[in-house]
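Proteins get letters first, then strands, A, B, ... in listed order; numbering begins at 1 in each.
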Amino acid sequence: MRDVAAKTADTLTQIISKRLADNRLILPAMPSLAVQCHALIARADYSVRDLTETIGLDAVLAARVVSVASSPMYGAGLVPSLATAVTRLGAARLREVVVEWSAEKLFTSPDRQTMAYLKGLWVHSVAVGMVARNLVTLCAEPDLIDSAYLCGLLHDIGKAVLASVLLVAEDQMSSQPGRRWMLSHQDWLDVVVERHRGVGVAVARAWGLPDELATAIADAAEFDPANRRGLPNFVRLANAIVKLEGIIPGPVNRQDCETMLMIGRSMLGVDDAIIERVRSQIKADLQNIESRL
Amino acid sequence: MATILTVDDSRAIRALVAKQAQSMGLSVEEAENGEDGLSRLSDIKFDLVVLDVTMPVLDGPGMLKKMRERGDQTPVLMLTSEAKKSIIAEVMSLGIADYIMKPFEPHELLQKMQRALKIPGAASAVQAVEAPRPVASAEPAASNAKQFVDVMVIDDMDNVHKRVRQMLPEHITLNTSTSANGAITLCRDRVYRLLLLDNDIPDVNTGTLLGQLRLLQPSAACVALALKSGNDLAALRSIGFDDVLFKPFDQSAVDDILARYFDKTELLQQHDNLIRVSKFTGKADKSATYFDKVTSGAAPLLEKIAAGCFEDAVLDLSLVPDDPELVPRAVVKVSNAAAGLGISLKVVANEVNRAGLLQFVETSSLPLFASVDAAKSVG
């Protein structure tokens with residue numbers, strides 16, 4: 001049975017790789033509403049009224065925007081209207097909220113075990129986004145601050161997409177759709193972890209997200225010495241820090257993370273006090289993250 | 001005296017490591033490859049090895065492996081351009097004290113050598129560091145002393161900056177920024193006592209920016225600049241502000257803020273080996289008391305500087321009043337205290353006070369400078 005599972009995992013891996021290479025992998029599209037919002041925000045003189053009307057078309061997104069604008073982090077007191085929330089957040093933060101809303105939809109699954117994994121993965125992703133933003137702030141790289149959160153948030157988006165793709169593929173190969181039988185959870189996890197990067201890069205490109213995000217997704221395993229203080233390196237270090245705090249579903253390769261931390265500290269010129277500051281901030285932020293789920 | 005061994009096939013790197021080590025009072029031996037390094041280790045007991053990875057004959061990991069195999073647990077600091085995870089993981093499994101990637105800033109090498117040798121004073125304060133520059137640079141080492149500034153105003157309206165400047169006493173130093181990015185950039189190289197932040201800058205999330213500023217300036221007080229209508233102190237405190245200054249500004253409100261955040265001002269501020277003396281704001285007949293406080297306050301700060309392994313201290317008297325007698329007397333006392341701790345003293349003063357110091361035998365031989373940067377650029 002183990003051999004069958006291993007062979008099935010190999011087959012699925014090959015199918016996905018081939019579809020990616022042939023550009024035939026069906027990727028989730030960014031919700032059309034998000035595309036419209038992005039187009040509006042991209043204009044230097046965007047109309048608050050138009051943006052408010054567009055966001056208002058989706059009750060969940062509208063509620064998210066108002067909730068974020070009303071939170072202590074982004075303003076003083078409850079926001080009385082969506083228009084006020086849009087004004088208060090501003091373009092950069094609105095873009096983040098819209099992408100975050102779009103991405104969170106991908107971290108769901110009808111399968112209970114998969115859903116538990118994706119929920120943990122979402123918490124991990126938000127934590128990496130927050131740590132990446134704190135690192136660039138503490139390292140005084142103001143030009144990177146706006147993008148740091150999104151790059152960290154989406155660095156593992158391929159795993160969420162691949163999780164769904166695998167379920168669908170498994171269903172298609174099974175005579176009993178809806179019943180997981182070919183892959184054990186560990187086999188499934190191995191395929192997801194091994195193959196997610198290509199899928200993540202494809203999603204980033206399909207969604208028109210910045211190139212540096214695709215770079216951060218494509219190779220999170222090694223730092224890039226040619227672009228030492230580039231955003232992808234900050235995301236790599238943030239990822240290692242968050243994993244060492246145990247904020248990741250599944251087992252953690254501590255030696256791997258300690259090595260990334262050792263290299264990242266020097267690569268980015270980050271001293272131990274900054275690392276400590278960031279680590280203690282994660283604990284404070286974690287409650288916030290989990291309360292938003 | 002601690003001895004270190006620098007192992008690198010680059011003579012320039014060995015020279016740089018030697019220079020840093022000697023500045024800490026360490027003695028240094030050199031080796032140009034792993035075999036040579038092992039041979040030196042057989043002859044002499046070292047306290048630290050600074051080791052490159054890629055070298056001919058025997059590379060760094062090879063040398064480290066042989067060291068550990070023969071039971072040599074000398075701490076090793078890897079100094080290398082190698083960033084591949086597998087290689088660094090290998091040397092970490094053999095046990096290294098730390099890792100520095102080339103090119104590197106000299107202060108990173110200094111801090112990590114201090115830490116590996118367990119020398120007190122290894123910097124642990126949060127610093128926003130500059131991007132690394134090539135080691136072999138023809139430029140003179142730039143001062144990396146952080147500038148102390150009293151207040152920063154962050155508001156998109158220039159007239160707010162002007163108004164605040166008009167309402168602050170002359171001796172309070174002020175920076176301004178009309179943007180979030182500008183404010184963060186200023187925070188990189190300066191230490192502020194008070195940040196005045198508009199809570200309604202277009203396209204800026206006040207709470208987020210406030211959080212970022214607090215990360216960069218952990219000891220600064222943050223005061224909101226806000227319109228009275230629709231804002232109250234409790235609500236602003238809930239998003240992280242310490243206080244509020246309502247617009248339009250009232251002089252008494254500005255004075256209250258200053259009294260709250262500057263009355264506790266210490267006369268002396270120390271950062272690295274710099275002691276900055278605040279301006280005298282009292283009456284003329286109190287100046288002797290002021291200078292007494294300078295000399296008594298300097299002593300514990302000089303001890304901290306000596307403990308930080310600095311060879312000299314810089315006493316910044318740019319803001320003290322002109323006094324041809326009290327200034328030299330104070331400087332003599334501070335200089336004697338420094339000498340007692342084995343550190344030399346450099347003095348920064350205006351032209352009048354420098355002339356006064358040159359008149360006294362006890363102070364005429366002291367290095368005198370017109371600015372902190374000038375003092376720090378002289379080794």
Side-chain angles (χ1 to χ4, degrees), chain A residues 68-69 71-78 87-94 96 133-143 145-146 149 221-226 228-229 233 236 240 253 255-256 258-278 281 285, chain B residues 78 81-86 88-89 92-93 96 98-101 104-105 108 111-112 115 123-132 179-185 187-189 199-208 210-213 215-216 218 224 226 230-232 235-236 238-241:
Chain A
V68 170
S71 68
M73 273 299 289
Y74 301 107
L78 288 175
T87 309
R88 180 173 289 177
L89 289 183
R93 187 62 184 126
L94 273 170
E96 265 181 23
R133 183 160 56 195
N134 284 348
L135 281 172
V136 303
T137 300
L138 283 166
C139 294
E141 294 280 356
D143 292 339
I145 289 173
D146 282 346
Y149 178 72
E222 297 279 356
F223 284 99
D224 177 11
R228 280 176 80 153
R229 297 265 285 202
N233 276 347
R236 288 166 187 131
N253 183 336
Q255 188 195 29
D256 193 84
E258 298 279 5
T259 308
M260 290 295 275
L261 183 60
M262 176 75 82
I263 299 170
R265 282 159 63 238
S266 191
M267 174 84 57
L268 295 162
V270 171
D271 68 18
D272 286 345
I274 290 180
I275 301 289
E276 259 328 292
R277 177 77 67 80
V278 161
Q281 191 69 34
D285 288 340
Chain B
M78 297 305 295
S81 54
E82 183 58 67
K84 241 173 126 41
K85 201 169 51 175
S86 55
I88 305 306
M92 282 177 71
S93 69
I96 57 171
D98 217 322
Y99 160 92
I100 297 175
M101 193 184 159
F104 57 92
E105 291 286 332
E108 184 186 358
Q111 282 170 14
K112 289 184 174 176
R115 195 175 315 130
S124 59
V126 173
Q127 296 175 11
V129 285
E130 296 177 29
S179 72
N181 275 1
I184 288 171
T185 304
C187 282
R188 179 178 168 170
D189 301 315
N199 85 325
D200 196 20
I201 302 176
D203 282 342
V204 170
N205 299 300
T206 307
T208 306
L210 184 57
Q212 288 160 356
L213 293 173
L215 278 173
L216 287 165
N231 290 292
D232 64 49
L236 291 165
S238 72
I239 57 171
F241 283 108

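Neither the backbone nor the side chain of D224(A) comes within contact range of chain B; no heavy atom of the residue lies under 4.5 Å from a heavy atom of that chain. For K84(B), the parts sitting under 4.5 Å from any heavy atom of chain A are the backbone and the side chain alike.
Chain B forms more heavy-atom pairs under 4.5 Å with one residue of M260(A), Q255(A), R265(A) than with any other, namely R265(A). Taking E108(B), M92(B), K85(B) one by one and counting their heavy-atom pairs under 4.5 Å with chain A, the maximum is reached by K85(B). Highest contact tally toward chain A, considering only L213(B), D98(B), I96(B), T185(B), is held by D98(B) [criterion: heavy-atom pairs under 4.5 Å].
M78(B) is not listed as a side-chain neighbour of M262(A), based on a closest heavy-atom distance of 4.5 Å or more.
Between E258(A) atom CD and I88(B) atom CD1 the span is 14.5 Å, to the nearest 0.5 Å. The CD1 atom of I184(B) lies 11.0 Å from the CD atom of E141(A); values are rounded to the nearest 0.5 Å. In this structure, the separation between CD1 on I145(A) and CD on Q212(B) is 4.0 Å, given to the nearest 0.5 Å. Taken from OG1 in T208(B) to OH in Y149(A), the straight-line distance is 11.0 Å, to the nearest 0.5 Å.
Residues T137(A) and L216(B) approach most closely at O-CD2, 3.1 Å, considering heavy atoms. The two residues A83(B) and E222(A) have their closest heavy-atom pair at O-OE1, 3.8 Å.
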